[in-house]
Amino acid sequence: PSHSYEYGCRGLKLDSLGLKLHLVTGAAGQIGSELTPYLDSHSDFEFVLGTDLKESFPALDRYEQLDVTDRTNVNSVLERHEIDIIFHLAALLSATGEHRPQSAYNVNLNGLYTVLEAARQTDVERVVVPSSIAFFGQHTPPIPSERAIYSPTTMYGVSKAFFELLGEYYNNRYDMDVRGLRLPGVISHKTKPEGGTTDYAVEVFYEAIESGSYTYFVREDTRLPFVYMPDVIDALIAIAQADSDSLNHPCSYNIEGCSFTARELTAAIRDHIPHFDADYDPDSRQKIADTWPETVDDSAAHHDWSWNPKYGLEELCSDMIMELERQQI
Ligand code: AKB
């Protein structure tokens, strides 16, 4: 599409400059609040429009309030801005989804469908959507690959399975370019996650620094895969930029930076904060964690689009603690 607005480039059309306009939904969420400013400040991606439910989001220059379930508004944003690439991040996470399955269905499934349909009708070039390890389930084998059996037990997991199937359907049926990867638990020090099963691995850092103690809501032997935010940003950009011919699993790539138990996380934090005191008091989220794989096979991502995470448990622990201590000063 040719762009008829300026976005700071003196009336020149973005297309004629070889530039793309990116739209991020869920821009104020855990991943969006880091991906959007990153895209905004990075010269290759300079043109970014953030959208979220919040009325305003001062961290971004170009921002619009948008409810992804509101078809009229989604269509209007896409028609007014002639978007090239969408990062569709707006979603409710697994634990919230179990408290409010109807809302999760509406945001995650109706929202996805609304965005894909609007993208189809306005010739958006590419749509990137995160899937999740919640796609898997109790019948999934240990260390699943992309084609492993899936049997999600949460509304969130069901919505991710639906995304992977629907994304492939749009690719085949409409020759669209929908892509995605299965994120494990995401750890970051900027925006706290809300309502996820893996939130304990973020909360623990805040509590270790603020109060010196934390009660996990999972058992100490609970092992899950995780990834640190800088690697998530790299992964989303790498998959968005990958040559479509190299993508053998366009909507379904596994990735992980490391896999650890809650007990191992406690030990890694104690290397930095020796007096840190941990307790374990599993709640309903344990049941969800127990259906997810302990680790995933991400060799296809390594092979197809050079996935190469930089942060393991030690590295992410050092960085989290350093950053959170700095924020306290
Ligand atoms: C959640 O816990 O719901 C998410 C996820 C693993 O997708 N962090």
Side-chain angles (χ1 to χ4, degrees), residues 25-26 29-35 87-101 103-105 107-109 111-112 128-138 140 144 148 150-164 180-206 216-219 222-229 231-233 235-236 239 251-262 265 282-296 298 301 309 311 316 320:
T25 68
Q30 189 197 11
I31 297 173
S33 63
E34 299 205 36
L35 178 71
F87 288 91
H88 176 49
L89 309 181
L92 298 189
L93 294 183
S94 55
T96 305
E98 290 319 286
H99 286 301
R100 292 161 35 211
S103 306
Y105 185 98
V107 175
N108 297 8
L109 288 159
L112 170 73
V128 181
V129 186
S131 181
S132 161
I133 52 165
F135 165 88
F136 296 117
Q138 61 218 1
T140 298
Y150 59 97
S151 53
T153 50
T154 58
M155 181 58 86
Y156 174 71
V158 167
S159 76
K160 294 305 181 184
F162 182 77
F163 153 66
E164 293 193 23
L181 36 78
R182 293 176 189 147
L183 292 177
V186 172
I187 298 179
S188 69
H189 55 81
K190 287 195 183 133
T191 306
K192 284 191 196 169
E194 267 176 47
T197 301
T198 55
D199 292 9
Y200 65 86
V202 181
E203 288 171 6
V204 65
F205 284 99
Y206 283 81
Y216 288 86
F217 55 75
V218 292
R219 288 187 316 269
T222 303
R223 178 182 293 284
L224 288 175
F226 286 92
V227 64
Y228 198 40
M229 187 61 90
D231 285 328
V232 174
I233 305 293
L236 287 169
I239 197 157
C251 299
S252 307
Y253 280 99
N254 290 334
I255 63 163
E256 79 175 34
C258 48
S259 157
F260 49 79
T261 61
L265 179 55
D283 68 13
S284 59
R285 288 167 281 190
Q286 180 71 55
K287 226 173 107 198
I288 301 177
D290 286 343
T291 67
W292 292 353
E294 296 187 345
T295 182
V296 295
D298 60 0
Y311 292 86
L316 74 82
M320 276 296 279

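Just follow the structure's listing: the first ligand is 1, and inside any ligand the first atom is 1. Basis for what follows: all heavy atoms, side chains included, without hydrogens, waters or symmetry-related copies. Given the structure is predicted, the values throughout are model-derived calculations rather than measurements.
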*Asks:* Side chains of T295 and E256: donor-acceptor distance under 3.5 Å anywhere?
*Replies:* yes

*Asks:* Any donor-acceptor pair under 3.5 Å linking the side-chain atoms of E164 with those of S252?
*Replies:*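 A pair is found: one side chain offers a donor N or O, the other an acceptor, under 3.5 Å apart.
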
*Asks:* For ligand 1, which atoms have a heavy atom of S132 less than 4.0 angstrom away?
*Replies:*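 Ligand 1 atoms under the 4.0 Å threshold to S132: 5 (C), 6 (C), 7 (O).
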
*Asks:* State, yes or no, whether a side-chain contact exists between Q138 and T153 at a heavy-atom distance under 4.5 Å.
*Replies:* yes

*Asks:* Do we see a donor-acceptor contact under 3.5 Å between the side chains of E194 and T96?
*Replies:* no

*Asks:* Specify the closest pair of heavy atoms between Y150 and T140, including all atoms of both residues, with the distance to one decimal.
*Replies:*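 Minimum heavy-atom separation between Y150 and T140: CA-OG1, 4.0 Å.
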
*Asks:* For atom 2 (O) of ligand 1, grab the closest protein heavy atom and report residue, atom and distance to one decimal in Å.
*Replies:*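 Ranking protein heavy atoms by distance from atom 2 (O) of ligand 1, first comes T197 N, 2.7 Å.
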
*Asks:* Considering the heavy atoms of Y156, write down every atom of ligand 1 situated less than 4.0 Å from one of them.
*Replies:*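 Going through ligand 1 atom by atom, the ones under 4.0 Å from Y156 are 3 (O), 4 (C), 5 (C), 7 (O).
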
*Asks:* With heavy atoms of W292 as the reference, note each atom of ligand 1 found under 4.0 Å away.
*Replies:* 1 (C), 2 (O), 3 (O), 6 (C)

*Asks:* Can you sort out which atoms of ligand 1 are near L93, meaning under 4.0 Å from one of its heavy atoms?
*Replies:* 3 (O)

*Asks:* I'd like to check which ligand 1 atoms, numbered from 1 as shown, lie under 4.0 Å from a non-hydrogen atom of S94.
*Replies:* 1 (C), 2 (O), 3 (O)

*Asks:* Less than 3.5 Å between some nitrogen or oxygen of D199 and one of ligand 1, yes or no?
*Replies:*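 Between D199 and ligand 1, no N or O pair is found under 3.5 Å apart.
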
*Asks:* To the nearest 0.1 Å, how far is atom 8 (N) of ligand 1 from its closest protein heavy atom, and which atom is that?
*Replies:* T198 OG1, 2.9 Å

*Asks:* Please determine, by modelled atom types, if S33 and T191 share a side-chain donor-acceptor pair under 3.5 angstrom.
*Replies:*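 There is such a pair between these side chains.
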
